Structures are given as C-alpha cells and as structure tokens.
Amino acid sequence: MAEIYPGLETIDKTHDESRQGEALSIAEPETKKSNGKFLYVESYGCAMNFSDSEIIASIMVTEGFSVTKNHNEADVLLINTCSIREKAEDKIRLRISELKSVKKKKPDALIGIMGCMAERLKTQLLDEEKMVDLVVGPDAYRELPALVKSAEDGTKAINVLLSREETYADINPVRLNSNGIVAFISIMRGCDNMCSFCVVPFTRGRERSRDAESIVREAEDLFNNGYREVTLLGQNVDSYKWKSPTLTLPQGEGEATSEEVVTFANLLEMVANVNPLLRVRFSTSHPKDITDDVLYTIKKHHNICKYIHLPVQSGSSRVLELMNRTYNREWYKSKVDSIRKILPDCTISADIISGFCTETEEEHQETLSMMEYVRYSMAYMFTYSERPGTLAARTLKDDVPELIKSRRLQEIVDLQHVHQAEDNKSEPGKVYEVLVEGTSKRSKEQLFGRNSQNKVLIFPKGNLKPGDYANVKVISATSATLIGEVI
Ligand code: SAH
Ligand code: SF4
Ligand code: F3S
C-alpha cells in the first residue's frame, strides 16, 4: 500500500518510508474546549496505521487534548505500532524504552501502545514493559478517552477487542503531518485472506468495508480544503463491498431499487467524480481480486492514477501455494498482461519476500525472472520473518538460513535497481502532468511532485505552488528521481 513499511530492506528512498517513526505535526484542534493536556503520537508500519493515528488524534482532540510534536511536553504519548516483521517490533521496542525517559522528568505522563503490537501481544506488553500504561488494539480507539481516564487514576488499561463492524466512518480524521495536498482515506479494515506468512489478519481482524457515502464525503471535504490527491486504503482494496440502501451508482444504469452493492470499481468512480482536479490513488491490490472492471474504470478517468501496487511475494507457483496467496505464477503474469493491455501507460510496483520456508535456489531464480517479466517501477523487498501464530509458523519450517535469505534479497534489490535505472533512461524528453506537492529537499528553488505513474519529479519553482498541476518535461533521471523543467 502507499506503504510506509519499517523494512530496512526497502530500496525506494524517495517513497513514504521517510515518514517511518515520524512524530506527527501539530494540527489545529477543531474548536473543542481544551483540557490543557498535550498528546504526542508516533506511528510505524503501513499507511493504514498512519491513517489510524489521524483517527486517534481526532478522538483525543475531541476530548480536549492538543497535539504536540514534542514528546517532552506530552501528557499522553501514544506509539502506533507494527508487527509485520520481527525487526519492526524490535525497532519499536527500542523506541518505547527511549520514550520512557519522559516519565523520569514527568512521572504523570502516560505511555500507550496502540495498533498491531498491542493486538498481538495484549497483556504480555503490560507485563514486559513496566512503564506502559495503556494497550489499545486497532478496533478499540473509541475507548481511548475512557482508558486514558482509568490510567490517569492509576489503573493500567487495556482494550484489544476486535470488531466485525468498526470502520470509524463517522470520525473526521485530524490531518497530521500533512502537506495539505495529499491525504489517505481508509475505505476498509481488516483482512480475510490468510497468507501463511502474515500477521495482519490476527492484528486487524475480519475484513469490513466502510460506508461509501462517508468516503465520498471525506474526499469532497478534502478537496474543498485544498487537497488534490487521495489514496484509498485497505489491505485488499479490490474486495471492497458495501451495500447501500439508497445510492444510485455513477454509471447511471437506472435508479437503485431496494439495495445496491458498491464494488471497488464503483467506489473508485464515485471518488473520481468528486472533481477532475482530485487525483485518486489506491493501495493495496491483491492479484487474485483486481478485476478488469477496475482496470477499465482507471482507464476511463484521467484523474485515477495509472499506477498499481500489485504485491507478488514470490515468482514460484510452489512457494505461492505454500504462502496461500491463491494465485500462481501464470495467473499473476496474466494479470500483468491485462494491465499492460488495458492501461499501456500504467506502472506496476510490488512487495517481494526472499527466503520463505523451503524456497530453493531455482524458485528464487523464478522470482528474479518474474521481475524481468514485469519490470516493476518500484518494489518493497524483505527477507522472510517468521511471525508467531501464523499458518507458516505453525506448519512450515523456517529453514532457509539467514545468510541465504539476505543474499537472495540482495540479488532482488540489485535487479530492481538495474531495472529502475534502465527504465528511467528512456524518461528524458517525456512530458508529464505533475501535481506539485512541496519544496524539494535539495533546494528551496526546486519543487517536487509526482506524475500519474507515481514517479517523483523535481523541477524549478517558477510561479508554481503546492496543489498546482504543471506539465514537466524530463531532462535527466536517476534510478529513483526524474529531473525536469516546466513547459
Ligand atoms: N495487504 C497487503 C500487504 C500488507 S503487509 C498485500 O497483501 O499485498 C506488506 C508486505 O509485507 C507484504 O506484502 C509482504 O511482502 C510483507 N510481509 C508480510 N509479512 C511478512 C513476513 N512475515 N516476513 C516478511 N515480509 C512480510
Ligand atoms: Fe497479509 Fe495477505 Fe492480508 Fe495482505 S492479503 S494483509 S499479505 S493476509
Ligand atoms: Fe500495517 Fe504493520 Fe499492522 S503493516 S496492518 S501496521 S502489522
């Protein structure tokens, strides 16, 4: 997903991973009566977790808290955690011990663990981390104010109940760390796929879709507030499904009678129709679920970005079966063929895991040859990390030695670099419509933005400002960034 993985293995340094572990910036609370207390939130993991932090902040701001960037002045410090790989958890534990130092100076400050580690480890976290006061799972954020109250009264508080219904549809997120141009919108929660390596179904619970009308309203509000791009988020967006009693779908094929099902293709179209100047992205697509309907909807709307994150995980059919991904090599290739046919100018990116249980050298070669076949524009690449409780941990042996996993990963990373560098060689001379997002880190005189294909472009400022669209001609390229001039 527009992912912010904690994986050190990630090679795309320009991507959102720069946000990992970032403190959330100050957002103006919405005219709520202040309780004089400060909230500090730090987020790890995927975009959904960052989006959840905006819901957490909204719930706490409603209670009168003000959001601060400075953990030293906080009364409540919340760490929104990720369990996806062991390394992610290790890194967060280290950070928890650092943040505990705040309590030395300010003994009344509360430390809370939110998100996937809270859900996975439950009371174990309270036992292990003596200075942690709150443990709250992803479906229990509405209870935060009550749990904070209880912790303030000296009782450690925990709520890790998962829900089949909670989508926080009515909560207006407080946009944190925002550039005011691009925003995430959660469209669903949980995951019903049981990929054998993955902890997400355990930490996030059953899949449920959010009310489509509330999603469209959120997109409209964002647009009216100057935002120009939304990314629709879910672990598996293509299985989005919401039953509306009243809605008429945008293709206008008759009035809704009793009840109409909104599919992901319908939802994409509804959001694209908010305004042609609002770009729409989405993440993550599962190869088994993405339909031609979705591809034709992307084709139909100029403002739906021509970029699909399509995690492959492995290029070997045998490994994919062990991973319980429910597609094989041929199926994945045929999806890529459909994308290439229907959307010739679409880029594709992926997640790839090296060294899954019993993976042979030949099967690793199949992953490399899949990369050759697709030529991903970007990839998140990881070594397999066994997660307790998953199907793989229970039934398969994590038998590829770490050194071999790392060597295979390096080969994958190197090949990805070669592909990006080679493919970007054909970029100079091309002209793209770019949404200006902000000032480049390199120079105040340069702006940066992305094209529809999600490639980052850097170009001189001129009279442009964030939120504008510009036609930029590429003049040179590195493997990760395109340098251009406005025409
Ligand atoms: N829902 C998304 C993925 C969410 S997790 C999807 O299905 O595409 C993000 C990525 O982390 C996965 O795609 C996978 O590549 C990686 N990942 C998940 N569990 C992992 C594990 N146990 N070890 C290594 N990588 C893992
Ligand atoms: Fe995990 Fe698979 Fe669900 Fe993605 S689709 S979150 S990898 S179980
Ligand atoms: Fe996301 Fe990590 Fe949880 S990837 S869903 S925060 S385990």
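Residue indices begin at 1 and follow the sequence shown. We count ligands from 1, going down the list as the structure has it; atoms in each ligand are counted the same way. Treat the numbers as computed from the prediction; the structure is a model and nothing was measured.
- Annotation for ligand 2: atoms under 4.0 Å from non-hydrogen atoms of P201 are 8 (S).
- By the criterion of a heavy-atom distance under 4.0 Å, neither the backbone nor the side chain of P311 is placed next to ligand 2.
- In terms of polar-atom proximity, defined here as any N/O pair under 3.5 Å, I352 makes no such contact with ligand 1.
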Assess the residue pair H419 and E372 against the criterion (side-chain hydrogen bond (donor to acceptor under 3.5 Å, both in side chains)); give the C-alpha distance rounded to whole Å, side-chain angles, the decisive distance to 0.1 Å, and a yes or no.
CA-CA 8 Å; H419 285 168; E372 296 284 4; 3.1 Å; yes
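- Counting atoms of ligand 3 from 1 in the listed order, those under 4.0 Å from a heavy atom of Q235 are 5 (S).
- Not less than 6.0 angstrom separates the ring centroid of F282 from the ring centroid of H309.
- Counting heavy-atom neighbours within 6.0 Å of R164 CZ, excluding the residue itself, gives a total of 12 or less.
- A cation-pi geometry, defined here as NZ or CZ lying under 6.0 Å from the six-membered ring centre and within 45° of its normal, does not hold between R142 and Y168.
- Interface of P311 with ligand 1, defined as ligand atoms under 4.0 Å from a residue heavy atom, comprises 8 (O).
- Using a 4.0 Å cut-off to heavy atoms of C116, the atoms of ligand 3 that qualify are 3 (Fe), 5 (S), 6 (S), 7 (S).
- Contacts between C191 and ligand 2, counted as non-hydrogen atom pairs separated by less than 4.0 Å, involve the side chain only.
- Salt bridge K243/E213: absent, no basic N to carboxylate O contact under 4.0 Å.
- K405 does not count as a contact of ligand 1, since none of its heavy atoms falls under 4.0 Å from the ligand.
- When non-hydrogen atoms are compared, ligand 1 lies under 4.0 Å from the side chain of F382 (C-beta onward) but not from its backbone.
- When I353, T284, D351, T390 are ranked by how near their heavy atoms come to atom 10 (C) of ligand 1, first place goes to D351.
- With K103 contributing its side chain and M131 its backbone, the two residues share a donor-acceptor pair below 3.5 Å.
- The residues R210 and E218 are annotated as salt-bridged, a charged nitrogen and a carboxylate oxygen being separated by less than 4.0 angstrom.
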Hey, mind stepping through N80 and D52 against side-chain hydrogen bond (donor to acceptor under 3.5 Å, both in side chains) and telling me if it holds?
CA-CA 8 Å; N80 199 1; D52 278 5; 5.1 Å; no
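- At a 4.0 Å heavy-atom cut-off, ligand 1 does not touch V200 at all.
- Counting heavy atoms only, Q235 comes closest to atom 3 (C) of ligand 1 of the residues Q235, M48, M381.
- Residue R325 touches ligand 1 through its side chain alone, judged by heavy-atom distances below 4.0 Å.
- When Q313, R85, H286, K87 are ranked by how near their heavy atoms come to atom 16 (C) of ligand 1, first place goes to R85.
- Taking 2.8 Å as the criterion, C198 does not count as a coordinating residue of atom 2 (Fe) of ligand 2, since none of its N, O or S atoms falls below it.
- We find the CD1-OG distance between I92 and S97 to be 12.0 Å, quoted to the nearest 0.5 Å.
- Rounding to the nearest 0.5 angstrom, the gap separating the CG atom in D399 from the OH atom in Y384 is 10.0 Å.
- How far CD1 of I412 is from NE2 of H364: 5.5 Å, rounded to the nearest 0.5 Å.
- For ligand 2, the atoms lying closer than 4.0 Å to a non-hydrogen atom of R325 are 2 (Fe), 7 (S).
- At under 3.5 Å, a nitrogen or oxygen of S385, whether backbone or side chain, sits near a nitrogen or oxygen of ligand 1.
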List the steps, then state whether salt bridge (charged side-chain N to carboxylate O under 4.0 Å, His left out) holds for R375 with E422.
CA-CA 10 Å; R375 294 193 77 99; E422 279 178 5; 2.6 Å; yes
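- Taking the charged nitrogens against the carboxylate oxygens, K405 and D398 do have a contact shorter than 4.0 Å, which makes a salt bridge.
- Within ligand 1, the atoms closer than 4.0 Å to a non-hydrogen atom of R387 are 22 (N), numbered from 1 in the order shown.
- Close approach of ligand 3 to C82 is summarised as follows: ligand atoms under 4.0 Å from at least one heavy atom of the residue are 2 (Fe), 4 (S), 6 (S), 7 (S).
- At a cut-off of 2.8 Å, C46 is counted among the residues with an N, O or S atom near atom 1 (Fe) of ligand 3.
- In summary, D139 and R208 engage in a salt bridge, as defined by a charged side-chain N under 4.0 Å from a carboxylate O.
- Residue contact check: T383 has heavy atoms under 4.0 Å from atoms 23 (N), 24 (C) of ligand 1.
- Atom 5 (S) of ligand 2 has N193 ND2, 3.4 Å as its closest protein atom, hydrogens excluded (heavy atom only).
- Residue G115 places no heavy atom under 4.0 Å from ligand 3.
- Ranking the protein heavy atoms by distance from atom 2 (Fe) of ligand 2 puts C195 SG, 2.3 Å first.
- The closest approach between a heavy atom of R204 and any atom of ligand 3 is below 4.0 Å.
- Geometrically, K241 does not engage F264 in a cation-pi contact, judged by NZ or CZ lying under 6.0 Å from the ring centre and within 45° of the ring axis.
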